[in-house]
Peer 1: 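To start, I am sharing the structure in question, which I have written as structure tokens.
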There are 2 protein chains.
Amino acid sequence: MARVILPGMPETPTPSESASEPTLEEQIAAYQREFRDLDPQVEQVVSALQRLNRRMNVAYGRQTTTLGISNAEWEVLKALVLSGAPYRLGPGELAKRLGLTPAAMTHRIDRMAAEGLVTRERDENNRVRVIVELTDEGREQWLAAMRLATVFEEDLLQDLSTAERHLLGELLTRLLRRVEEAQPDAGGRLTDLD
Amino acid sequence: MARVILPGMPETPTPSESASEPTLEEQIAAYQREFRDLDPQVEQVVSALQRLNRRMNVAYGRQTTTLGISNAEWEVLKALVLSGAPYRLGPGELAKRLGLTPAAMTHRIDRMAAEGLVTRERDENNRVRVIVELTDEGREQWLAAMRLATVFEEDLLQDLSTAERHLLGELLTRLLRRVEEAQPDAGGRLTDLD
DNA sequence: GCGTCGAACTTTAGGGCTGAAGTCTTCGAG
DNA sequence: CTCGAAGACTTCAGCCCTAAAGTTCGACGC
């Protein structure tokens with residue numbers, strides 16, 4: 001880290017030489033070094049958010065893998081369960097909630113139906129529409145995933161007191177409110193993060 | 001959950017009928033309804049984190065698109081700039097930092113070199129190694145992206161006082177520390193989120 | 001009724017990513 | 001000095017997603 005380059009030092013730092021992933025502190029320091037007009041406080045929040053989410057996704061990925069499903073499939077199960085009652089949604093609605101295109105949902109549902117996680121049938125009253133419904137098997141898988149997820153999440157917040165958890169939740173919710181008002185549309189590609 | 005269809009009641013809760021994306025509060029409520037053993041406080045933090053990150057990625061995606069680069073390319077530029085000084089890293093190291101496979105980096109570098117954002121050359125002292133170096137054009141693009149990003153980030157945190165920003169940063173950093181200690185390896189696939 | 005518009009999903013082409021196999025170079029043991 | 005092993009990247013096959021057409025129905029207007 002802190003690769004100090006002195007003028008008279010032809011030691012061209014060979015890449016991939018013990019570079020090692022920078023810590024958050026180092027990253028902030030690097031930002032300040034490379035971009036003066038930067039509020040370190042803001043950057044700390046943003047960078048921490050991004051790194052945190054990346055780690056969480058890795059953790060969730062491991063969990064769903066052990067259950068024999070993909071993270072993508074878990075998202076669909078989640079949306080269906082959270083829709084409540086008969087656990088039914090159309091492909092278009094699912095696509096909107098997950099932030100991907102209808103075409104992607106079509107294929108995803110294909111796979112999940114083949115695995116017995118959901119069923120796909122046409123709406124009787126409107127044959128253009130399709131109804132995706134959670135199967136018992138699918139609900140079972142969601143439950144199993146939830147059980148693993150809650151263990152991880154509880155562990156993640158372990159160092160925080162109840163008051164701190166509450167506070168953190170409040171602050172994040174306020175941030176969320178601000179973005180959701182700014183871009184009311186649910187859609188949008190989700191790409192990678194740092 | 002027998003979906004009773006009464007004759008005079010075509011009011012079949014047709015899916016995709018005004019379902020509309022649930023708010024965070026509704027989502028938490030749904031979780032409690034469907035999964036009893038759940039700490040709503042924990043779930044609020046986790047769900048807010050996930051939704052927040054998704055929105056942020058959408059926003060970043062729009063910004064990089066206006067600059068004519070992809071979010072993926074921005075990540076590479078970021079890693080190179082943050083590495084400091086001569087702005088050089090090997091493909092393997094880059095892959096590790098971005099959390100993707102070396103194969104993916106090879107292709108990404110292909111594209112970016114074709115666009116003049118980076119150069120790719122073999123290391124003189126060790127011909128197995130490859131050096132990816134940021135070009136002036138690449139640095140310029142990174143700067144432009146940073147300028148847009150900081151505006152968005154500042155706006156995101158607008159409702160928070162300085163004290164609150166500091167507090168939020170601290171809390172997030174503590175969470176991050178916990179996960180990074182738990183899974184020291186940087187790697188891991190990054191899939192999608194909710 | 002009938003034609004057109006529009007909505008909801010599916011199909012198709014192309015790009016990016018993963019995992020596994022392949023290539024080239026360096027290093028160490030005999 | 002030569003051979004085997006390990007390391008760093010690249011190539012290849014296959015999967016999933018996006019964007020842009022299709023396809024199929026339902027809703028209106030005349």
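Below, chains carry the letters A, B, ... as their sequence lines are ordered, and counting in each starts from 1.
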Peer 1: Measure CD1/I109(B) against P/dT10(D) and give the value in whole Å, please.
Peer 2: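 Rounded to whole Å, this separation is 7 Å.
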Peer 1: May I have the distance from L100(B) (atom CG) to dC17(D) (atom P), rounded to whole angstrom?
Peer 2: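 For the pair L100(B) CG and dC17(D) P, the rounded distance is 17 Å.
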Peer 1: Which part of the nucleic acid, if any, lies within contact of P91(B), taking any heavy atom under 4.0 Å across all strands shown: a base, the sugar-phosphate backbone alone, or nothing?
Peer 2: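 Counting heavy atoms under 4.0 Å across all strands, the contact made by P91(B) is with sugar-phosphate only.
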Peer 1: Separation of D110(A) atom CG from dT10(C) atom C1', in whole Å?
Peer 2: 9 Å
Peer 1: Which is more 5' along DNA chain D, the nucleotide nearest V128(A) or the one nearest A104(A)? Just name the residue.
Peer 2: A104(A)
Peer 1: How many Å lie between NZ on K96(A) and P on dA7(C), as a whole number?
Peer 2: 12 Å
Peer 1: Where the side chain of V130(B) is concerned, which of dT10(D), dT12(C), dT11(D) is the nearest nucleotide?
Peer 2: dT10(D)
Peer 1: Just how far, in rounded Å, is P of dG14(D) from CZ of R111(A)?
Peer 2: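 Atom CZ in R111(A) sits about 17 Å away from atom P in dG14(D).
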Peer 1: What's the closest nucleotide to the side chain of A72(B) if the choices are dC17(C), dT18(D), dT10(D)?
Peer 2: dC17(C)
Peer 1: Would a single hydrophobic cluster contain both L143(B) and V42(A), if residues Ile, Leu, Val, Met, Phe, Trp and Tyr are joined by side-chain heavy-atom contacts under 4.5 Å?
Peer 2: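 Cluster IDs for V42(A) and L143(B) match.
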Peer 1: Which pairs with one or both residues in residues 146-180 of chain B pass ring pair (Phe, Tyr, Trp, His ring centres under 6.0 Å), sequence neighbours excluded?
Peer 2: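 Qualifying pairs, neighbours excluded: Y60(B)-F152(B).
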Peer 1: Indicate yes or no for a side-chain donor-acceptor contact from R108(A) to the backbone of A72(A) under 3.5 Å, with no hydrogens or angles considered.
Peer 2: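 Pair found, side chain donor or acceptor close to backbone of A72(A).
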Peer 1: Using five pairs at each end of the helix from dG1(C)-dC30(D) to dG30(C)-dC1(D) to define an axis, what is the angle between those two axes, to 10°?
Peer 2: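 The two end axes of the helix from dG1(C)-dC30(D) to dG30(C)-dC1(D) meet at 0°.
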Peer 1: Can a side chain N or O of R108(A) be found less than 4.0 Å away from OP1 or OP2 on dC17(D)?
Peer 2: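 Checking dC17(D) against R108(A), a side-chain N or O does come within under 4.0 Å of OP1 or OP2.
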Peer 1: Scan residues 143-159 of chain B for pairs that pass salt bridge (Lys or Arg N to Asp or Glu O under 4.0 Å), counting only residues two or more places apart or in two chains.
Peer 2: R178(A)-D155(B), R178(A)-D159(B), E154(B)-R165(B)
Peer 1: Looking at dT10(C), I'd like to know if its phosphate oxygens (OP1 or OP2) sit under 4.0 Å from a side-chain N or O belonging to R120(A).
Peer 2: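 True: R120(A) side-chain N/O within range (under 4.0 Å) of dT10(C) OP1/OP2.
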Peer 1: Would you tell me if any nitrogen or oxygen in the side chain of R122(A) comes within less than 4.0 Å of OP1 or OP2 on dT10(C)?
Peer 2: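 Answer no for this pair, as no side-chain N or O of R122(A) is under 4.0 Å from OP1 or OP2.
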Peer 1: Round to a whole Å and report the spacing from CZ of R97(A) to P of dA8(C).
Peer 2: 14 Å
Peer 1: Taking only side-chain nitrogens and oxygens of R129(A), does any of them come within less than 4.0 Å of OP1 or OP2 of dA7(C)?
Peer 2: no
Peer 1: Can T173(A) and Q44(B) be counted as having a side-chain donor-acceptor contact under 3.5 angstrom?
Peer 2: yes
Peer 1: In this structure, how many angstroms lie between the C1' atom of dC25(D) and the CG atom of D123(A), rounded?
Peer 2: 12 Å
Peer 1: To check you understand the geometry: which heavy-atom pair defines the closest contact between R54(B) and R97(A), and what is its length?
Peer 2: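 What the structure gives for the nearest pair is NH1-O, 3.0 Å.
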Peer 1: So does G90(B) get a backbone contact from the side chain of E93(B), meaning a donor-acceptor N/O pair under 3.5 Å?
Peer 2: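 No, the answer is negative, given that no donor and acceptor are paired below the 3.5 Å cut-off.
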Peer 1: To the nearest Å, how far apart are I131(A) CD1 and dA8(C) P?
Peer 2: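 Between P of dA8(C) and CD1 of I131(A): 14 Å.
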